[in-house]
Amino acid sequence: MGRGGRKNKGGSRGGKDGRGGSHVSGERQTYKSFNDLRRDNDNFRKYYTAQKIVSEEEFPVLMEAMRTVLPTNFRITGSRQQAVDIREQIINEFIPYFKDITIEGAEIEPPHPLEWYPNNFGWQFTIPRVALKKSKELSKFHSFLVTETEVGNISRQEAVSMVPPLFLDVRPDHYVLDMCAAPGSKTAQLIEALHSGVDAGQTPGGLVIANDADYKRACMLVHQVNRLNSPNIVVTNHSGERFPNIYRSTEGSGPRQIVQFDRILCDVPCSGDGTTRKNVRVWEKWRPDDAYALNPIQSKILQRAAYLLKTGGRLVYSTCSLNPIENEAVVAHVIDHFEGALRLVDVSNQMPALKRRPGLDTWKVMTRDGVLHDTFEAMPLETAGRRKHMHKFFPLESKRMEEMHIDRCMRIYSHLQNTGGFFVAVLEKVAPISVDEKKKAAAEHAVLVAATEKARAQAKELAESAMDVETETEGASAAKRVANDVDAADAKRVKVDIAAASDVDDDENEDDIADGDDKEAKGRSGPYLPDNPREDPALPENPFVFLDANEGELKTILDYYGVKDTLSRNGFLSRIENDAFRSVYNVSDSVRELMGLAGQRLRVVNTGIRVFSRNCVKDAGCAFRLVCEGVPQILPHLPDRCVLNVSFNDLKTLLEQVNPLLTALSEESQERIKNVMPSSSIIVRYDPVARAGDAEQPFTRLTAVLTIPCWRGHASLSVHMDKNQLCSLIHRVLGRYIDRNAVGGLKLANNTRSQEPAAEVGAEAEVEVEADAAVDDEEVAAE
């Protein structure tokens, strides 16, 4: 994760007039286009040459790779039934298509699978994203990527960003926490892994909590995860280092137990200097002390994760930075802090096709003046005293670094496999953390106070030793300087892990307070306690409320559609406003239990799948209709009368025409539809395997069953799908591309349907079709 995890870190990002902004130095900066930026930085080169991240001969190759533009990368959603169909479509349709394309006389290399990504679901295309978007020759492939991304079949994601979730080894019964989740591409992988191997219509026993400290980014995260239609996801808004304790009640008078997680991903806020290939401005903004303010935050998040992790659980810490102060320094000092409870996992045998380098066991710290220091003790007093956590920027003793196997960390460099730069550390909790943080923090604070008193005594002794007036004056001045230096430096050299008097008393902790904390929270003092951090205030919006399936509108809905008891009645919820709700969501039993335990401690932004939505048709048999995103979840629990199995010809009619008349369908389908009440939802189901004997077949060879929610009008049947989902379906089934601008005008308006209604239907049927169109317009607007 780059800088986005914290607000305004690093100063203004530019003036409103677009001509530039103020740099952290206060100087006015002139705006430069990407093409005019110098893709180099002298301090960057000096700093990383000194760190010896690669050999001296290899360093120019690395630098050259970091100056080039990233290729396009994408990932097929592996947990979906149609994943294989999408992969085969790329192989059979698009790879041959690229063989006939040239741009400015040059042949185009077709997309190819990432050799280390499982099942050939990860892909790379050497054409950069900007070129792909602008090229007329590649517009067909670009349209495919955009459409499939919006419906959730594909995720556009940088290749190295796909790595951390793969090492977590998530299983369907795991409780998973993504502490710094936005924008959500890694969260999507975690959800996929949770659902991997679970039959359609079944719900995994685990869950994924996707958390982010920034509310707006958490809302963006909702859009990302909603594409995957999982009832096992909860999106929350907490500072990672203050994610709340959730307690499970115990029998008798025993202590409450904290809900812990099997897997935790800490993709923490970082300087992002491994992203120069896509964030070109990193070159001009990079400074050696960018990592100083981030290291304490990163350490707190990792410490908090360690407490929330089950013994025997796995944790992945990652950044898109190359800086050891943000990487090995954080991991080493947190492992050391917990005294053997955490260990680095050797994953060298996993994903052998992924090229990586071992973690560093030694590095230097560069101050703002460009001077490199090997140890904290060697730093000038005035420099060392500027940061309370400065001593934690350096490596531990070489023997200790060797004992913790710091080389098991992974460094991924741009030139190894044409990717961005990344750091990944896989940790396992091998023992309970029984350290009393309050006692430990108090003891370290006592050491700090003792060191301060000692420094003041030395200053006083120096002042009293002056013999004459001139010397005495000079000595007093010197004593004052020494006292100040020691108070601000020597005392801070003591290896403490506290924020001294307040969480917000220095520049490295002021961003720990999220926007929206109350004044009392901001004024609260004391050391950071990762076992029980202070809580964030509740979100100022309507909370989710669980609905009783045995009464009210929910009972009416379930009875009308005949939802079977095989679907848990405990997982329906909604946001209530003015004693009413517009949509009904469904969550898994694991999410229901967690939310019941957490109460208002969790700042829940969103959760579950929308399965029912209020419609606007006055004469509808039920006030709520089925929603496209909830169909996979609810279909296995519906009676046969709500499902219409169709032939390919009927499927083709639904996709080619808008609101086709019922008489346009086969006699078999017409007979079945008679059993469905007018003005209600029905699910159309096409099984390509069962219909393999049909005379006409889909354009793309399909293996997954297609399910389409429809509205059964009095005289017509209309598809209820988001326009992007409809575009994707039409392409796979009929092999036709629909221009996105044209789709914007398609809106499922029935005046563009077949213009030859059957004679026997007459004018009355046409009026009914117009009524059906109103439902269609509502669907498009809602989606």
Side-chain angles (χ1 to χ4, degrees), residues 168 170-181 184 187-188 190-191 193-195 198 202-213 218 221-222 225-226 228-240 242-251 255-266 304-305 307-315 531-533 535-539 541-549 567-575 584-611 633:
L168 265 182
V170 173
R171 298 168 192 169
D173 60 335
H174 281 164
Y175 276 46
V176 184
L177 172 62
D178 189 350
M179 298 195 74
C180 310
T187 306
L190 299 177
I191 297 172
L194 192 78
H195 285 267
V198 178
Q202 299 299 312
T203 303
L207 57 82
V208 174
I209 294 182
N211 177 72
D212 200 82
L221 177 62
V222 171
V225 301
N226 275 353
L228 298 180
N229 303 335
S230 172
N232 299 71
I233 178 72
V234 183
V235 178
T236 61
N237 171 222
H238 292 275
S239 296
R242 295 202 298 272
F243 191 87
N245 287 335
I246 301 171
Y247 294 97
R248 193 186 304 275
S249 58
T250 57
E251 297 180 2
R256 296 179 299 172
Q257 295 180 347
I258 295 177
V259 174
Q260 294 182 309
F261 295 86
D262 301 279
R263 299 289 187 266
I264 298 180
L265 176 61
C266 295
R304 182 65 185 142
Y307 271 99
L308 293 172
L309 187 66
K310 288 181 181 178
T311 302
R314 177 172 287 196
L315 184 159
D531 62 328
N532 190 23
E535 296 182 13
D536 293 311
L539 282 175
E541 61 182 47
N542 294 328
F544 280 98
V545 176
F546 282 93
L547 305 175
D548 189 344
L567 180 65
S568 173
R569 294 298 197 265
N570 298 322
F572 293 101
L573 72 167
S574 185
R575 291 191 188 275
V584 177
Y585 298 82
N586 183 257
V587 296
S588 65
D589 289 340
S590 54
V591 170
R592 168 67 196 250
E593 180 191 20
L594 182 82
M595 292 181 67
L597 294 174
Q600 296 301 310
R601 298 173 73 91
L602 273 184
R603 293 163 56 101
V604 177
V605 178
N606 197 36
T607 186
I609 309 174
R610 193 162 61 112
V611 288
Q633 175 72 1

Q: Would you check if the side chain of Arg601 reaches a backbone N or O of Pro244 as a donor-acceptor pair within less than 3.5 Å?
A: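 Checking the backbone N and O of Pro244 against the side chain of Arg601, no donor-acceptor pair under 3.5 Å is found.
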
Q: If we ignore hydrogens and angles and just use 3.5 Å, is the side chain of Asn586 paired with the main-chain N or O of Ile609 as donor and acceptor?
A: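 Checked: no pair found.
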
Q: Nearest 0.5 Å, what's the CZ-CG distance between Arg263 and Leu190?
A: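 Rounded to the nearest 0.5 Å, the CZ-CG separation comes out at 11.0 Å.
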
Q: About how many Å separate CG of Leu194 and OG of Ser588, when rounded to the nearest 0.5 Å?
A: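 With rounding to 0.5 Å, OG (Ser588) is 8.5 Å from CG (Leu194).
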
Q: So how far is it from Asn211 CG to Leu177 CG, rounded to the nearest 0.5 Å?
A: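 Result: 6.5 Å between the selected atoms.
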
Q: So how far is it from Gln257 CD to Ile246 CD1, rounded to the nearest 0.5 Å?
A: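 The CD atom of Gln257 sits 14.0 Å away from the CD1 atom of Ile246.
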
Q: Checking side chain to side chain contact (heavy atoms under 4.5 Å, CB included) for the pair Asp262/Arg171: CA distance, chi angles, key distance, verdict?
A: CA-CA 9 Å; Asp262 301 279; Arg171 298 168 192 169; over 6 Å; no

Q: Is it the case that the side chain of Asn232 and the backbone of Leu207 share a donor-acceptor pair, with hydrogens and angles ignored and the cut-off at 3.5 Å?
A: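 No, because the side chain of Asn232 does not come within donor-acceptor range (under 3.5 Å) of the backbone of Leu207.
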
Q: Can you check whether Leu602 reaches Leu594 side chain to side chain, under 4.5 Å on heavy atoms?
A: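 Of all side-chain heavy-atom pairs linking Leu594 with Leu602, at least one is under 4.5 Å.
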
Q: Roughly how far, to the nearest 0.5 Å, is the CZ atom of Arg314 from the CG atom of Leu309?
A: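 Here the interatomic distance stands at 10.5 Å.
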
Q: Any side-chain heavy atom of His174 within less than 4.5 Å of one from Lys310?
A: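 Side chain of His174 against side chain of Lys310, heavy atoms only: no contact under 4.5 Å found.
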
Q: Taking Phe261 as the fixed residue, which of Asp178, Ile209, Val176 is the one that meets the side chain to side chain contact (heavy atoms under 4.5 Å, CB included) rule?
A: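 Answer after filtering Asp178, Ile209, Val176: Ile209.
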
Q: Do Met179 and Ile264 make a side-chain contact, defined as non-hydrogen atoms from C-beta onward lying under 4.5 Å apart?
A: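 When only atoms from C-beta onward are counted, Ile264 and Met179 do touch, with a gap below 4.5 Å.
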
Q: So among Ser230, Pro172, Pro231, which one has a side chain to side chain contact (heavy atoms under 4.5 Å, CB included) with Thr203?
A: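 Checked Ser230, Pro172, Pro231 against Thr203; only one passes side chain to side chain contact (heavy atoms under 4.5 Å, CB included): Pro231.
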
Q: For the backbone of Asp212 and the side chain of Asn237, can you confirm whether one donor and one acceptor N or O come within less than 3.5 Å of each other?
A: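 Indeed, once roles are kept as given, a pair shorter than 3.5 Å links the two residues.
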
Q: Look at the side chain of His238 and the backbone N and O of Arg603, then say whether any donor-acceptor pair between them is shorter than 3.5 Å.
A: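 Here the side-chain-to-backbone pair exists.
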
Q: Using atom types as modelled and distance alone, determine if a side-chain donor or acceptor of Thr236 lies under 3.5 Å from a backbone N or O of Val604.
A: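 No; zero donor-acceptor contacts below 3.5 Å.
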
Q: Would you call Thr187 and Ile233 a side-chain contact if the rule is heavy atoms closer than 4.5 Å?
A: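 Sidechains of Ile233 and Thr187: in contact.
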
Q: If you take all heavy atoms of Phe572 and Leu567, which pair is closest and at what distance?
A: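 Closest heavy-atom pair between Phe572 and Leu567: CZ-CD2, 3.7 Å.
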
Q: Ring of Phe243, cation from Arg304 - is the NZ or CZ under 6.0 Å from the centre and inside 45° of the axis?
A: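 Not flagged: Arg304 not positioned over aromatic ring of Phe243.
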
Q: Looking at Tyr585, I'd like to know if the NZ or CZ of Arg610 sits under 6.0 Å from its six-membered ring centre while staying within 45 degrees of the ring's axis.
A: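 No.
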
Q: Of all the heavy-atom pairs spanning Val235 and Val222, show the shortest one and how long it is.
A: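 Residues Val235 and Val222, closest heavy atoms: CG1-CG2, 3.9 Å.
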
Q: Could you tell me the separation between the CD1 atom of Ile191 and the NE2 atom of His195, rounded to the nearest 0.5 Å?
A: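 Reported to 0.5 Å precision, the distance equals 7.0 Å.
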
Q: Does Asn570 offer a backbone N or O that forms a donor-acceptor pair with the side chain of Arg592 under 3.5 Å?
A: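 Pair found, side chain donor or acceptor close to backbone of Asn570.
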
Q: Show the nearest heavy-atom pair for residues Leu221 and Ala210, with the distance to one decimal.
A: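 Where Leu221 meets Ala210 most closely, the heavy atoms are CD2-CB, 3.7 Å.
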
Q: Compare every heavy atom of Tyr175 with every heavy atom of Gly205, then report the nearest pair and how far apart it is.
A: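 Taking every non-hydrogen atom into account, O-CE1, 4.0 Å.
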
